Amino acid sequence: MKSFAAALSYISRFIVLGLALAFVIGMIWPQTRTHLRRHLGLATASTTTSEAAGELPGPPAPASYAEAVAKAEPSVVNIYANKIVNQPTVQMYTNPIQQALYGGQPGPSIPRREQSLGSGVIVSSKGYVLTNNHVIANADDIQVLLYDGRVARARLVGADAETDLAVLKIDAGSLPVADLTAPPPRSGDVVLAIGNPLGLNQTVTMGIVSAVGRQLNNDSPEDFIQTDAAINLGNSGGALVNTQGQLVGINTLLIGRAANAEGIGFAIPVSAARSVLGQIIDTGHVVRGWLGADYGYVPVAADSGLPAAPRGAQVTNVYPGSPAALAGIQSHDILLRLGSDNITDPADLRRHEAALKPGTRVEISGLRNGVPFHAQIVLAQRPNFSESDDSGHLGQA
């Protein structure tokens, strides 16, 4: 009996020692537990399912984005646009009675210098800088402050009011250039906004991509990235970069607290910015194709049994004498295809037509009263539509 108890005690000590050793190994090398369980056939169903679905845990999020900032920050510049505005004056009446009744009368205007602050991004070693059109609009003199403290006078190469982009040219050597090779951003991606908010140059804020493909004007081919990275006055034209320090957008707009909003900003995707940049450098302006019609979403009756958002765009208005009118397009037509491209929604159609050159002949297909139709259409050049802010809550950063 004593020998049995001694043997049992001896075995127990080995078991305890083995468990303690396994615990220590598991704490130091957690992956050994998974390998051991798989080797022994003890892997849990949840583990097997997640691995089969490719949901193995990825690398941990970085504790710092300093490397991304260090890569992107030198290409971000401060822009100071100066212009002379006429300040109205009031001349007071010398007669006390007239002064009490009327106060004064308009006097001669006094020239006054006004300066607007903004940001920009160096996109070429040749000295081309992307910024927002509203930052430099009507400016008589544009100064650019570089990351290393140098100041350069900028020349306006061209601007595009529809995307609110402008291209400047500076003459300076050894210019750091932004990385424009980023893949399209996705909702949920971490992004960093770099700019000159309220004159606080080289300020970095962090957030995520809240949405992509946002449209704020139904008649424009604009295509915004929505982000909750803090964007303030002076951030306009600055960089929105990913965690690799690559440029994904040009910060442009914000929805302020006047709309009871917080954390809603917008940036122009780098893909759109590249297109505008190339056209402005080549020709000094941007040319877009135009069908000559307005579009809306395809309406679906609640009891139709169809999806809530079917593909295509419904024509809501055809401009007289436009390419659409000459091709026989009518209001209420549902457009499904432009050339070789399917149309998913009105915004998609506007982007496709804007990407085509004026004079391009293309086939457009759709439904008229439920019957398929096809028409040949020759695109014209898109007119310069003046943008209006109906909500009163959108603000230029």
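Model, not experiment: these values are computed from the prediction. Just so you know, residue 1 is the first one in the sequence shown, and it goes up from there.
Ion pairing between a basic and an acidic side chain is recognised when a charged N comes within 4.0 Å of a carboxylate O; R382 and E353 show no such pairing. Under a 4.0 Å N-O distance rule, the pair D345/R311 does not qualify as a salt bridge.
Under 3.5 Å, the side chains of Y147 and N201 contain no donor-acceptor pair of N or O atoms. The closest side-chain donor-acceptor pair between Y65 and Q244, if any, does not fall under 3.5 angstrom.
There is no path of hydrophobic side-chain contacts, each under 4.5 Å, that joins I250 to V212. Side-chain heavy atoms closer than 4.5 Å link hydrophobic residues (I, L, V, M, F, W, Y) into clusters, and following such links, even through other members, never connects L326 to V315. In the hydrophobic clustering of ILVMFWY residues, with side-chain heavy atoms under 4.5 Å counting as a link, V167 and V286 come out together. When hydrophobic clusters are built by joining Ile, Leu, Val, Met, Phe, Trp and Tyr residues whose side-chain heavy atoms come closer than 4.5 Å, directly or via intermediates, L349 is grouped together with I329. The cluster map of Ile, Leu, Val, Met, Phe, Trp and Tyr, joined by side-chain heavy atoms under 4.5 Å apart, puts L165 and L240 in different clusters.
The NE2 atom of H352 sits 12.5 Å away from atom CG of L379, with the distance rounded to the nearest 0.5 Å. Atom CD1 in I231 sits 7.0 Å away from atom CG in L254 (nearest 0.5 Å). For the atom pair CG of L145 and CG of L117, the computed distance is 11.0 Å after rounding to the nearest 0.5 Å. With rounding to the nearest 0.5 Å, the separation of OH in Y128 from CD1 in I280 is 11.0 Å. Atoms CD1 and CH2, from I377 and W290 in turn, are 10.0 Å apart once rounded to the nearest 0.5 Å. For the atom pair L192 CG and E73 CD, the distance stands at 10.5 Å (nearest 0.5 Å).
Between V209 and the choices V248, I225, V190, the side-chain contact (heavy atoms from CB on, under 4.5 Å) rule is met once, by I225.
Of the possible polar contacts, none joining the N132 side chain to the V135 backbone as a donor-acceptor pair under 3.5 Å is found. Checked by atom type and distance alone, the side chain of T227 pairs as donor or acceptor with a backbone atom of I208 at under 3.5 Å.
Using a 4.5 Å heavy-atom threshold, the side chains of L146 and I170 count as touching. At least one side-chain heavy atom of N196 sits under 4.5 Å from a side-chain heavy atom of Y80. Looking only at side-chain heavy atoms (C-beta outward), L367 and D333 stay at 4.5 Å or farther from each other. Between R337 and H374 the shortest side-chain heavy-atom distance does not fall below 4.5 Å. The shortest side-chain heavy-atom distance between I194 and Q202 falls under the 4.5 Å cut-off. Between L336 and N342 there is no side-chain heavy-atom pair separated by less than 4.5 Å. Side-chain contact check for Q314 versus H332: some heavy-atom pair is nearer than 4.5 Å. Between Y319 and D294, some side-chain heavy-atom pair lies under the 4.5 Å cut-off.
Listed by first then second residue, pairs satisfying salt bridge (charged side-chain N to carboxylate O under 4.0 Å, His left out) with a partner in residues 275-292 read D160-R288, not counting sequence neighbours.
Relative to the ring axis of F224, R214 does not place its NZ or CZ within 45° and under 6.0 Å from the centre.
Minimum heavy-atom separation, N232 to P197: CB-CB, 3.9 Å. In terms of heavy-atom proximity, V76 sits nearest to G195 at CG1-CA, 4.2 Å. Between T252 and S236, the closest heavy-atom pair is O-OG, 3.5 Å. Looking at every heavy atom in both residues, V378 comes nearest to G359 through CG1-O, 3.7 Å. In plain terms, the two heavy atoms of R150 and G173 that are nearest each other are NH1-O, 2.9 Å. A154 and V144 get closest at one heavy-atom pair: CB-CG2, 3.8 Å.
Residue E67 qualifies as open at atom CD: its count of foreign heavy atoms under 6.0 Å is 12 or below. The local environment of CG in D141 is crowded, with over 12 non-hydrogen atoms from other residues, nucleotides or ligands closer than 6.0 Å. More than 12 heavy atoms of other shown residues, nucleotides or ligands fall within 6.0 angstrom of atom CG in D148.
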**Request:** Please test Y295 against L335 for side-chain contact (heavy atoms from CB on, under 4.5 Å), starting from the C-alpha separation and ending with a verdict.
**Result:** CA-CA 9 Å; Y295 325 110; L335 306 181; 4.1 Å; yes
